[in-house]
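For the single chain, residues carry numbers from 1 onward in sequence order. The model shown is predicted, which means the values in this text are computed figures rather than measured ones.
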Amino acid sequence: AIQNMRMLSTQPAASGSRAAGSSSGGAGSGGATVGVPAALTREKLKDVMAFNATLLERELKPIKEEMKRQRRAGRQPQANQSALMQLQSRISAQVQQKFGVSDEQVMAAVEKYGARNDPAFKDILQRIATTLNSTLA
């Protein structure tokens with residue numbers, strides 16, 4: 001989920017973006033193309049992405065604070081990769097529970113609806129990018 005959101009918020013739509021978006025979910029699906037469920041409309045996708053942004057802001061806050069503490073102590077902060085993987089799993093599970101869609105389906109919907117270039121998604125994508133960059137950069 002975090003990788004997908006980071007890719008979404010930083011990668012401009014280009015000819016290679018479809019391949020990158022599709023491959024991000026390939027590990028769990030055996031490389032098969034993931035379809036977009038009929039219930040995952042453009043408006044529902046906006047809801048899912050806004051939910052993701054809210055979860056990211058809340059879940060990354062303790063990590064962001066720890067990174068600040070490390071900087072103040074004069075150390076080069078490093079995000080705990082294990083904690084990030086657990087965070088990714090928690091966000092994915094919450095999205096699945098609330099909306100009934102997987103990360104792969106969300107990414108397929110992003111491609112289908114052209115969310116990267118859609119002005120209606122700009123604020124959500126910016127919110128995700130800001131959260132990720134301010135925490136993990």
Inter-residue atom distance [X].[atom1] - [Y].[atom2], 0.5 Å rounding:
| X | Y | atom1 | atom2 | result |
| --- | --- | --- | --- | --- |
| Asn52 | Gln94 | CG | CD | 9.5 Å |
| Leu55 | Lys98 | CG | NZ | 9.0 Å |
| Gln96 | Ser89 | CD | OG | 12.5 Å |

I need the minimum non-hydrogen distance between [X] and [Y], along with the two atoms involved.
| X | Y | value |
| --- | --- | --- |
| Asp118 | Arg42 | OD2-NH2, 2.6 Å |
| Pro37 | Val101 | CG-CG1, 4.3 Å |
| Thr131 | Glu57 | OG1-CG, 3.3 Å |
| Ile124 | Ala50 | CG2-N, 3.9 Å |
| Pro62 | Arg69 | O-NH2, 4.5 Å |
| Tyr113 | Thr41 | OH-CA, 3.4 Å |

- Measure from NZ or CZ of Lys44 to the centre of the six-membered ring of Phe99 and say whether it is under 6.0 Å with the direction within 45° of the ring axis.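 No, Lys44 does not sit over the ring of Phe99.
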- Message: Would Leu56 and Thr135 count as a side chain to side chain contact (heavy atoms under 4.5 Å, CB included) here? Give the steps.
- Response: CA-CA 10 Å; Leu56 253 182; Thr135 303; over 6 Å; no
- Please walk me through it: do Gln88 and Met85 pass side chain to side chain contact (heavy atoms under 4.5 Å, CB included)? CA-CA 5 Å; Gln88 179 175 337; Met85 293 299 288; 4.1 Å; yes
Report yes if some heavy atom in the side chain of [X] is under 4.5 Å from a heavy atom in the side chain of [Y]; otherwise report no.
| X | Y | answer |
| --- | --- | --- |
| Gln86 | Ser82 | yes |
| Thr54 | Arg127 | yes |
| Leu84 | Ile63 | yes |
| Val110 | Met49 | yes |
| Val36 | Gln105 | no |
| Arg72 | Met67 | no |

- Message: Is there a side chain to side chain contact (heavy atoms under 4.5 Å, CB included) between Gln70 and Glu66? Walk through the geometry before answering.
- Response: CA-CA 6 Å; Gln70 288 182 24; Glu66 177 58 28; 3.3 Å; yes
- Task: Could you go through the side chain to side chain contact (heavy atoms under 4.5 Å, CB included) check for Phe121 and Arg116 one step at a time?
- Result: CA-CA 7 Å; Phe121 288 86; Arg116 286 185 182 97; over 6 Å; no
